[in-house]
Structure formats: structure tokens, C-alpha cells
Participant: 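Sharing a structure, written as C-alpha cells. Questions coming.
So that the names make sense, note that chain A is the first sequence line, chain B the second, and so on, each numbered from 1. Keep in mind it's a predicted model, so treat the numbers as computed, not measured.
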There are 2 protein chains.
Amino acid sequence: MDDKLSLQQFLPYRCNSLAQRISVSLARIYVQKFGITVPEWRTLVALSEYGELQSKQIAAHTSMDKVRVSRAVASMTDKGLLSRRPCDRDSRAAFLTLTEEGLELYRRIVPEALAWEERLLAPLSEQEQAALFSLLDKLDLRLAELSSD
Amino acid sequence: MDDKLSLQQFLPYRCNSLAQRISVSLARIYVQKFGITVPEWRTLVALSEYGELQSKQIAAHTSMDKVRVSRAVASMTDKGLLSRRPCDRDSRAAFLTLTEEGLELYRRIVPEALAWEERLLAPLSEQEQAALFSLLDKLDLRLAELSSD
DNA sequence: CCGTTATAGTTTCAAAAGAAACCATGTTAA
DNA sequence: TTAACATGGTTTCTTTTGAAACTATAACGG
């Protein structure tokens, strides 16, 4: 068995390099223009979406590990973007919410992020866009299956 | 304009987290089982595919920057996986090829990598797989357009 | 020719990331 | 109770990464 493999046809490579290029491109918006990092951006979105979350839940919603979340939360707290409310039931944990300032930042970034995504997706028809997301869903699902056994 | 954005519907996030999960999963093969890193793996594939390349060309074929390539090449040279042949026309550059040992490693990894990919893609029909790659192609293309202006 | 500029590749430095150890609190079961 | 274990979150340490500086050579323009 002497298989040949072409990077261009190899899904892990294709996915990785696409994601990388997207990241770099998009980073220009929230890193350079708004001064936040990717983990901070994700945290911002998660909190705006769910209102009040513990770090652990942020991690779950953003596919980040707890260290990354911890650092993002710390830095955002410093910047005044979010505030912690202690949890009575469990003094180790804290509930986090966006401050008005955090929400304000969110409201300024989102339109730009969405506009950027729209430009990226512009050449794809509605059907293609739907197909793309559906394929991503299936792959996510499949990965979960594979890692569980 | 007060848009809402959901991470789950945001392509940059979806792409990134999928790529990340794929990487971690696949890394078990070539990192743990064969002791090479991702940049080394990509270099291995590029060289096996094109025969003899300069670092610069490896970079072009693998979407890695020259620093990453340089390190991969250095480490692979140490491990005896590739050999350099000086270039007459330009003494700064060198032509790189896989050694027999490098080829041997390649031949051992490839079947496993392909098998893994096949398992990942198993739930997708032929049409879906084709659609997936075609969509990735289009997005790659689009990114090139976007970054050029 | 010779000075400027470009290029191949390496090295250095600083930022980002993850693994593992850690701290403090909570939970469970003897 | 209280001893073992689990959990939320932080810190520490090491590895990976990329940007920028650097070295050496090549190409170009006057």
C-alpha cells in the first residue's frame, strides 16, 4: 500500500489553512481597530448572547479551555468590560456580565464583523451558504462521535 | 443598527473551532505516534509531492511562513529525514529532498492519515464531500480577493 | 563597477497557548 | 463528622508562534 496524499485535497490541512487565513484577516477588525483579542471577542459575544455566565459556561460556549477564558475574563475585567457578581451557592465561582461599556463595545464591533462575514460569503448563493453550515454541523457532530470512542 | 451575532452562526468561529478540533484529533497520529510536528508533517508531504524544493517553495505549498518552515527543515535535517543540496546559481538557497528515511516515514504515516480522514468524512455522501471541497475552494479564492484590496 | 535594493534563510525577542500544578471551596460517603 | 474526592478558577512553566532584526548573497540601476 503506497498511497499518495495531496495537501490540497487533505481536509485537515484545508480547514486549518482556511481558518488561519480567515482569522488573520478578521483580526484586523477586532484586534487592531478595537484592541481586543480573539478570546476576549468570543467572551464578549457569549456574554451578550446569554446575559450572565460563569467562566465555565463561557468556556463551553466558546470552545476555549478554562485557562484561556480565565485570562480573557481577567483582562476584560481590567478594561472595565465586564463585572463579576459572586455566587452565593458556590464561593469559588462568579457570575459574569458585560458592563455598559462592554455592551457598547459589542455594539460597535458586531456590525463590522457581520459586514466582513457578509463580504466573505458574498460569492456563495443562499443554498451554498446553507450547505456550508450544514456540512460544518455534520463534521462537528462526527468529530464528537470519533472522540468519544 | 443593533445587530445580534451568534457564535454558532459566525463562520470565522465555526471554521476555527472545527479546524482546531480536527487538528487536535489528528495530531494524535503524527505527533504522538510518529513524533513529528504539524509543520514537519506538512513539509514531508510537500517534499514527497514535488520531489525537490527550496524552503521558499515549501512555504508556498504549505501556507506556512518562512520561520516555521526554517524550523521544520532544521529539525527534520537533524532527524535525518531530509537532505540539502546547495544551489549553484544562488548560494543562499538550498534544494531539499526527503532521505530514504524520510520517505519511509511518509509511507508509514500516509495510510493512517488517509484512513483517519476517511473516517471523518464517512457520514458525508460523495456529493457532500465534493460540495465541501468546492466551498472551501471558493472561500480560499474569495479571501485572496479580499486581501488584495 | 559600485551603491542601492531585493531575496533566501536564520536568529532573536515577545506574545499566545496549553499542560500540569495549585488553591480554595464544595460534595460524598464511611 | 471527617477523610477522600471532585470542581471552579488561577498560576506557573514550557512550547509554539510570528514579527522584526539580521546575515549573506544576488540583482539592478546609474
Side-chain angles (χ1 to χ4, degrees), chain A residues 16-17 19-28 30-32 35-43 46-47 52-78 82-97 147, chain B residues 16-17 19-28 30-32 35-43 46-47 52-78 82-97 147:
Chain A
N16 224 299
S17 67
Q20 176 63 16
R21 292 178 65 191
I22 290 180
S23 267
V24 167
S25 215
L26 184 60
R28 271 179 229 130
Y30 39 71
V31 178
Q32 288 175 22
I36 65 172
T37 64
V38 172
E40 287 168 16
W41 157 249
R42 288 191 187 172
T43 301
L47 285 175
E52 192 176 54
L53 294 174
Q54 301 179 209
S55 289
K56 186 199 168 130
Q57 302 172 303
I58 294 178
H61 286 301
T62 58
S63 359
M64 302 195 288
D65 64 32
K66 59 186 183 170
V67 179
R68 236 168 139 206
V69 173
S70 170
R71 294 199 257 243
V73 165
S75 142
M76 290 173 78
T77 308
D78 287 350
L82 57 78
S83 60
R84 9 164 41 86
R85 182 174 70 78
C87 170
D88 313 331
R89 326 189 96 231
D90 188 340
S91 66
R92 294 168 302 180
F95 289 111
L96 307 162
T97 45
S147 68
Chain B
N16 225 300
S17 68
Q20 177 62 15
R21 292 178 65 190
I22 290 181
S23 268
V24 167
S25 216
L26 184 59
R28 272 179 228 130
Y30 39 73
V31 177
Q32 287 175 23
I36 64 172
T37 64
V38 172
E40 287 169 15
W41 156 249
R42 288 189 187 175
T43 301
L47 285 175
E52 192 176 54
L53 294 175
Q54 301 178 209
S55 290
K56 186 199 167 133
Q57 301 172 303
I58 295 177
H61 286 300
T62 59
S63 0
M64 301 193 289
D65 63 31
K66 58 187 184 170
V67 178
R68 235 168 140 205
V69 172
S70 171
R71 295 198 257 243
V73 164
S75 142
M76 292 173 78
T77 308
D78 287 351
L82 57 78
S83 59
R84 8 163 42 88
R85 181 175 70 76
C87 170
D88 312 332
R89 326 189 94 230
D90 188 339
S91 65
R92 292 168 304 181
F95 289 111
L96 305 164
T97 46
S147 69

Participant: Calculate the interatomic distance between Ile58(A) atom CD1 and dT10(D) atom C1'; express it in whole Å.
Facilitator: 15 Å
Participant: Consider the side chain of Gln20(B), meaning its heavy atoms from C-beta on, and name the nucleotide among dG18(C), dG9(D), dT10(C) that approaches it most closely.
Facilitator: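 Within the option list, the nearest is dG18(C).
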Participant: Exactly one of Ile36(A), Thr62(A), Ile58(A) should register a side-chain contact (heavy atoms from CB on, under 4.5 Å) with Arg42(A). Which one does?
Facilitator: Thr62(A)
Participant: Give the rounded distance in Å between these two atoms: CZ of Arg85(B) and P of dG9(C).
Facilitator: 13 Å
Participant: If you assign Asp90(A) and Arg89(B) each to the DNA chain D nucleotide with the nearest heavy atom, which residue ends up on the more 5' nucleotide?
Facilitator: Asp90(A)
Participant: Classify Ala94(B) by what it touches in the nucleic acid, base, sugar-phosphate, or nothing, heavy-atom distance under 4.0 Å.
Facilitator: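 Sugar-phosphate contact only - Ala94(B) comes under 4.0 Å of backbone atoms but never of a base.
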Participant: Please report the shortest heavy-atom distance between Leu96(A) and Gln54(A), naming the atom on each side.
Facilitator: CD1-C, 4.5 Å
Participant: Among the nucleotides dG18(D), dG26(C), dT25(D), which one has an atom lying closest to any side-chain atom of Ser91(B)?
Facilitator: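 Nucleotide nearest to Ser91(B)'s side chain: dT25(D).
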Participant: Between dA8(C), dA19(D), dG18(C), which one does the side chain of Lys56(B) approach most closely?
Facilitator: dA8(C)
Participant: Per the atom types in the model, does the base of dG9(C) pair as donor or acceptor with the side chain of Lys66(B) at under 3.5 Å?
Facilitator: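 Such a pair is found, so the answer is yes.
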Participant: Using only heavy-atom distances, determine whether the side chains of Gln20(B) and Ser63(A) contain a donor-acceptor pair under 3.5 Å.
Facilitator: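 No - no donor-acceptor pair under 3.5 Å links their side chains.
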Participant: Tell me if the side-chain of Arg71(A) makes a donor-acceptor pair with the base of dG9(D), cut-off 3.5 Å, by modelled atom types.
Facilitator: no
Participant: With respect to the phosphate group of dT10(C), does any side-chain polar atom (N or O) of Ser70(B) fall under 4.0 Å of OP1 or OP2?
Facilitator: yes
Participant: Looking only at side-chain atoms of Arg84(A), point me to the closest of dG9(C), dT25(D), dG9(D).
Facilitator: dG9(D)
Participant: In whole angstrom, give the distance that lies between atom CG of Asp65(A) and atom P of dT11(D).
Facilitator: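 It works out to 15 Å between those atoms.
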Participant: Any side-chain N or O of Gln57(A) below 4.0 angstrom from OP1/OP2 of dG9(D)?
Facilitator: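 False: Gln57(A) side-chain N/O out of range (4.0 Å or more) of dG9(D) OP1/OP2.
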Participant: Tell me: CZ of Arg68(A) to P of dT16(D), nearest whole Å?
Facilitator: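 Atom-to-atom, Arg68(A) to dT16(D), this comes out as 17 Å.
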Participant: Could you tell me how far apart Trp41(B) (CH2) and dT16(D) (P) are, to the nearest whole angstrom?
Facilitator: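 Distance check: Trp41(B) CH2 to dT16(D) P gives 19 Å.
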